Amino acid sequence: MTDASELRDFTQPDELSDFTLVIDGTPLHVHKQYLAEWSPVWRQLFLDECSSPQEPREILMPDKNLQEVTELLHCIYSTQKPISGNFLQT
């Protein structure tokens, strides 16, 4: 199990973050690719509504719970687990 201190902090953007979800006033910096891979709803939204550079790169989600969305994002981004040293020594 991954230690909570090792989990991604979505409130901090990284070099590749390309979309922001705002929940309870808190911006969560995400990657459209991850969301689109896990959800046909997000995929369609990005293809239909967000394909134009003029479209906002932020969605306000007033009816969502910050803790629940963060937990979902940690599941989607579960590939953050570091590769063990044994694997790298091949």
Side-chain angles (χ1 to χ4, degrees):
M1 185 166 176
T2 304
D3 181 344
S5 65
E6 296 176 23
L7 295 175
R8 176 185 291 275
D9 179 3
F10 291 100
T11 63
Q12 300 301 312
D14 67 24
E15 308 80 41
L16 300 176
S17 301
D18 58 358
F19 206 77
T20 305
L21 306 175
V22 180
I23 299 154
D24 294 340
T26 302
L28 300 177
H29 304 279
V30 298
H31 306 87
K32 292 189 296 186
Q33 180 69 28
Y34 274 100
L35 298 180
E37 284 183 35
W38 283 89
S39 167
V41 174
W42 283 108
R43 181 187 233 14
Q44 197 61 50
L45 175 75
F46 295 138
L47 290 174
D48 291 347
E49 298 178 13
C50 298
S51 59
S52 168
Q54 291 81 17
E55 289 294 322
R57 296 186 177 269
E58 177 177 284
I59 290 184
L60 302 176
M61 302 180 76
D63 58 335
K64 301 299 179 194
N65 176 284
L66 179 60
Q67 183 177 357
E68 291 173 357
V69 172
T70 302
E71 178 72 19
L72 174 65
L73 291 173
H74 283 140
C75 291
I76 290 172
Y77 284 74
S78 64
T79 58
Q80 299 179 88
K81 183 178 183 296
I83 298 172
S84 71
N86 294 337
F87 181 76
L88 296 174
Q89 296 174 357
T90 57

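Please read these numbers as outputs of a predicted model, since none were measured by experiment. Residue numbers count from 1 along this sequence. Basis for what follows: all heavy atoms, side chains included, without hydrogens, waters or symmetry-related copies.
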**OP:** Could I get the full list of side chain to side chain contact (heavy atoms under 4.5 Å, CB included) partners for Asn65, not counting sequence neighbours?
**Re:** Gln67, Glu68
**OP:** Name all residues meeting the side chain to side chain contact (heavy atoms under 4.5 Å, CB included) criterion together with Thr20; count only those two or more places apart in sequence or in a different chain, and write none if there are none.
**Re:** Val22, Pro27, His29, Glu58
Original post:
Roughly how far apart are Asp24 CG and Met61 CE, rounded to 0.5 Å?
Top reply: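 The distance works out to 11.0 Å.
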Original post:
What distance separates Lys32 NZ from Leu45 CG, expressed to the nearest 0.5 Å?
Top reply: 9.5 Å
Original post:
Mind checking what makes salt bridge (charged side-chain N to carboxylate O under 4.0 Å, His left out) contact with Asp14, not counting sequence neighbours?
Top reply: Arg8
Original post:
Which ILVMFWY residues are connected to Val41, directly or by a chain of links, through side-chain heavy atoms under 4.5 Å apart?
Top reply: none
Subject >> Side-chain (Ser39) to main-chain (Leu35) donor-acceptor, under 3.5 angstrom >> reply: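 Between the backbone of Leu35 and the side chain of Ser39 there is no qualifying donor-acceptor contact (under 3.5 Å).
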**OP:** Tell me, please, which residues at least two apart from Thr11 pass side-chain hydrogen bond (donor to acceptor under 3.5 Å, both in side chains).
**Re:** Asp9
Original post:
Under the side-chain hydrogen bond (donor to acceptor under 3.5 Å, both in side chains) test, which residues partner Gln33, sequence neighbours left out?
Top reply: Glu37
Subject >> Sole candidate of Leu21, Ile23, Val69, Leu28 that passes side-chain contact (heavy atoms from CB on, under 4.5 Å) when paired with Phe10 >> reply: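 So, applying the side-chain contact (heavy atoms from CB on, under 4.5 Å) to Phe10 and each of Leu21, Ile23, Val69, Leu28, only Leu28 qualifies.
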Subject >> Heavy atoms from other residues, nucleotides or ligands near CH2 of Trp42 exceed 12 (cutoff 6.0 Å) >> reply: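 Yes - once you tally the heavy atoms of other residues, nucleotides and ligands closer than 6.0 Å, there are more than 12.
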Original post:
What are the two closest non-hydrogen atoms of His74 and Leu7, and how far apart are they?
Top reply: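 Closest pair (atom of His74, atom of Leu7, distance): NE2-CB, 3.5 Å.
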